[in-house]
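Beneath this line is the structure, given in structure tokens, with notes to follow.
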4 protein chains.
Amino acid sequence: MNELDNLIGDLYEYDDELTAKQRKIIIAAIEAFAEKGYASTSTSEIAKNAGVAEGTIFRHYKTKKDLLISIVGPMVQKFIAPFVIRDMEKVLNQDHESIDDFLRAMLKNRIAFVSKNKLLFKILIQEIPFQPELKDLFKRHIGMKVVEKATLIIQHYQEKGQLVDLPPATIIRGIVSSIFGYIITRNLLLPELDWDDEVEIERTIHFILHGIKK
Amino acid sequence: MNELDNLIGDLYEYDDELTAKQRKIIIAAIEAFAEKGYASTSTSEIAKNAGVAEGTIFRHYKTKKDLLISIVGPMVQKFIAPFVIRDMEKVLNQDHESIDDFLRAMLKNRIAFVSKNKLLFKILIQEIPFQPELKDLFKRHIGMKVVEKATLIIQHYQEKGQLVDLPPATIIRGIVSSIFGYIITRNLLLPELDWDDEVEIERTIHFILHGIKK
Amino acid sequence: MNELDNLIGDLYEYDDELTAKQRKIIIAAIEAFAEKGYASTSTSEIAKNAGVAEGTIFRHYKTKKDLLISIVGPMVQKFIAPFVIRDMEKVLNQDHESIDDFLRAMLKNRIAFVSKNKLLFKILIQEIPFQPELKDLFKRHIGMKVVEKATLIIQHYQEKGQLVDLPPATIIRGIVSSIFGYIITRNLLLPELDWDDEVEIERTIHFILHGIKK
Amino acid sequence: MNELDNLIGDLYEYDDELTAKQRKIIIAAIEAFAEKGYASTSTSEIAKNAGVAEGTIFRHYKTKKDLLISIVGPMVQKFIAPFVIRDMEKVLNQDHESIDDFLRAMLKNRIAFVSKNKLLFKILIQEIPFQPELKDLFKRHIGMKVVEKATLIIQHYQEKGQLVDLPPATIIRGIVSSIFGYIITRNLLLPELDWDDEVEIERTIHFILHGIKK
DNA sequence: TATGAATGAGGTTTCATTCAT
DNA sequence: TATGAATGAAACCTCATTCAT
């Protein structure tokens, strides 16, 4: 479980916050939630796969939902938000000459991030519609901070005459849809295909920038 | 539940196949599945909301999963596939001069379709990852028939010199991502906003055709 | 379980409100609660003794506490309160010449009642301190209606010059303590002794009326 | 927790038998048992309220029931029994002229005792029916020694012609019921009322001595 | 001595499903 | 056809107790 091991290291700043059993619980939970969905995964199954007693899960997480939140919350909080924001600040400060470069940087970064966190990503998008806590978290972090920043960046480039005069919200939606479309197709819908990320990212950037019309 | 009533009429060709109770069961099930997810909805809850006895559900549907499939299967089979295909044939036959018109027709049609079937749509995309039957159905209908047709159309326009020379798969992904991005934002993420569909569809078409660069 | 059978008949006015299984559940629950206490009785144990599946209990009673309340509530409501009140009205109306007769009637009646409901009585006094619902029920029925009536009766006899001039509350406490003292000693503390109820009741009445001093 | 602190000092002859943690455990246990009942109190709750680790409880008390017994046992053994007996011997030796004085002394003494030990008293009467160990302890100490002595005293006064010719057991029951009736009403049923103990004790003595008849 | 992570048996409750009516 | 009582497996969770540190 190399992917998962790294992941844990990322999610929890101080590794020693977690006992060995806790790590095993989290890893087993991530795998099960991603494969069968949160509601269809039983705590006894998680315990069995983690090699711990069922009671041990509840010593560390008061409820099953607590376990979910503690897995998926940090992903939203510590990763998505700060990374995105830092990236964007970098962009604004370094003042890339063209948005091409900016877009390229962003896409690669985000795609690498999701590739490292495929399972968590799947859990997150599956459960957001049903977990008000997650929805809130998401709206607060992404909806407010990220969209705000993104709007500024887009206006910045629009003023420089590089971007079309669509409303920033529409532009953001276009970009995000394209990115997610790629990520989901690549990782969830057709993971069995041979993907040349380098090339396909360039194509996606081309699509975002110039559309499909010749 | 006007939306649901129409819906039922659409899903089942011969309305009289369904008893009144069956209709009520299906409606209650759609509402519950969409709101809380398939796995988190109990059959007793469906029965209560439908105003029937618990046993009645199992008289008509052997298992709970049968109920799900019988709700979401027809959507895939009878709706998505035929509509899309028919649309596309229409396009190819009528031979729209420009893809602009074609795209516009498609988008409006698909968006109208999903608006009519918001709840079913939500159930479908939530459950596809977890229900092999649905995944198969989907892949067979969409993946094979639709993608095939779409590829032909794109090649058709590429030969006419109207479309950029990206691989058809990339183009399809771009278009579909943009459509879904709009539908999901509009119906699931931010349904509380005031949407002017006419205008926003035009913007989305513009994005698909020309991208974001000026 | 003849005692319990009668009991059920008393508690539920229309016997046919209860299925056979429900009766068995209630009887098993009463026995277990009385023997081991509510908190120390498991629902699985009740189910086993009742000869039903555990789920059956929860089909009829939403929670374990529901089961307790539905057993002990009617005892308070339908029995204690109305009986006592009716008795007392009878007394006031018939206007017994002396309180001796009244006391005697009361004691016999109450003692017979508790003898018929020994187990329920035990459950009731054990659980009242821990179940707010029961406390409320009890205070409302006994505390308010019964004490009020009793006060009137005592004042009635005090005016006739038959009763000592202690505050009614003190007199009620004295009488009730003596009755409960007898009932508890007789049924709970020393049930193994040979009790001649007739005689012992006369003695208790003598104690209440004249005290211990010669 | 002044009440509880004194209490502990009383229960354990050599205070230094107890570590600070042990004291905290006992105090927390008394409070919890009294409030929610023995069976409904978890050891983890006691540990938390005592500010110790869960394991610490089991270092001092082999089982949860051990803890209960070690709390409530001394109350029966070291307190009730010896006090009562000593009092009674005093009475017999000092040879109070009248039982009035004797009764008054007893009542005040017992009521003061229970007031100091309200919580323990509550635990004791709640748990006696369900804990054979306690029942035994109680029967051995109270049932045998106390009743024996009390019988002697009553016969003593009966011979002096001061007491009515009811069987001693009946007289004991009358007195004890009246005392408990007062203590329970005062401390458990209606603790929120303003009680003037001096006055109410006199009234209770009057009731015991002369009954309710004028 | 004290800790608190770990246990696993057992608690209450839910639930899809069956079946006699 | 429709019912809803009944089921029992399995869900989530609690808890007294143990044990390595």
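Just so it is clear, the values below take in all heavy atoms, side chains as well, and ignore hydrogens, waters and symmetry mates. Just so it is clear: chains get the letters A, B, ... in the order the sequence lines come, proteins before strands, and each one is counted from 1.
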Exercise for review: Evaluate the criterion side chain to side chain contact (heavy atoms under 4.5 Å, CB included) for residue pair Y61(B) and Q22(B); output intermediate values, then yes/no.
Suggested key: CA-CA 10 Å; Y61(B) 306 93; Q22(B) 231 168 325; 3.6 Å; yes
**Study point:** Check against side chain to side chain contact (heavy atoms under 4.5 Å, CB included), E35(C) and K122(C)
**Key:** CA-CA 9 Å; E35(C) 191 196 328; K122(C) 196 181 171 201; over 6 Å; no
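Seen from the ring of Y38(B), K65(B) does not count as a face-on cation partner, given the 6.0 Å and 45° thresholds.
Here CG of L68(B) is found 9.0 Å from OG1 of T63(B). Values are rounded to the nearest 0.5 Å. With values rounded to the nearest 0.5 angstrom, I123(A) atom CD1 is found 10.5 Å from L134(A) atom CG. If you take CD1 on I30(A) and CE on M75(A), they are separated by 10.0 Å, rounding to the nearest 0.5 Å. The structure places CG of L120(D) at 11.0 Å from CZ of F33(D), a figure rounded to the nearest 0.5 Å. Once rounded to the nearest 0.5 Å, the distance linking CD of E31(D) with CD1 of I46(D) reads 11.0 Å.
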Practice item. Sugar-phosphate means primed atoms, P, OP1 and OP2; the rest is base. With that split, encode nucleotides 7-16 of chain F 5' to 3' as B, S or - using protein heavy atoms under 4.0 Å. Key: BB--SBBBSB
Practice item. Toss me the dot-bracket line for DNA chain E: Watson-Crick and G-U wobble, both under 3.5 Å, 5' to 3', using | for pairs to another strand and [ ] for crossers. Key: .||||||||||||||||||||
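A donor-acceptor contact shorter than 3.5 Å links the side chain of S70(B) to the backbone of L67(B).
A donor atom on one side chain and an acceptor atom on the other are found under 3.5 Å apart for E54(A) and T43(A).
Here chain C contacts DNA chain E (any atom closer than 4.0 Å to a heavy atom, that is under 4.0 Å), and the contacts span dG11(E) to dT14(E) from 5' to 3'.
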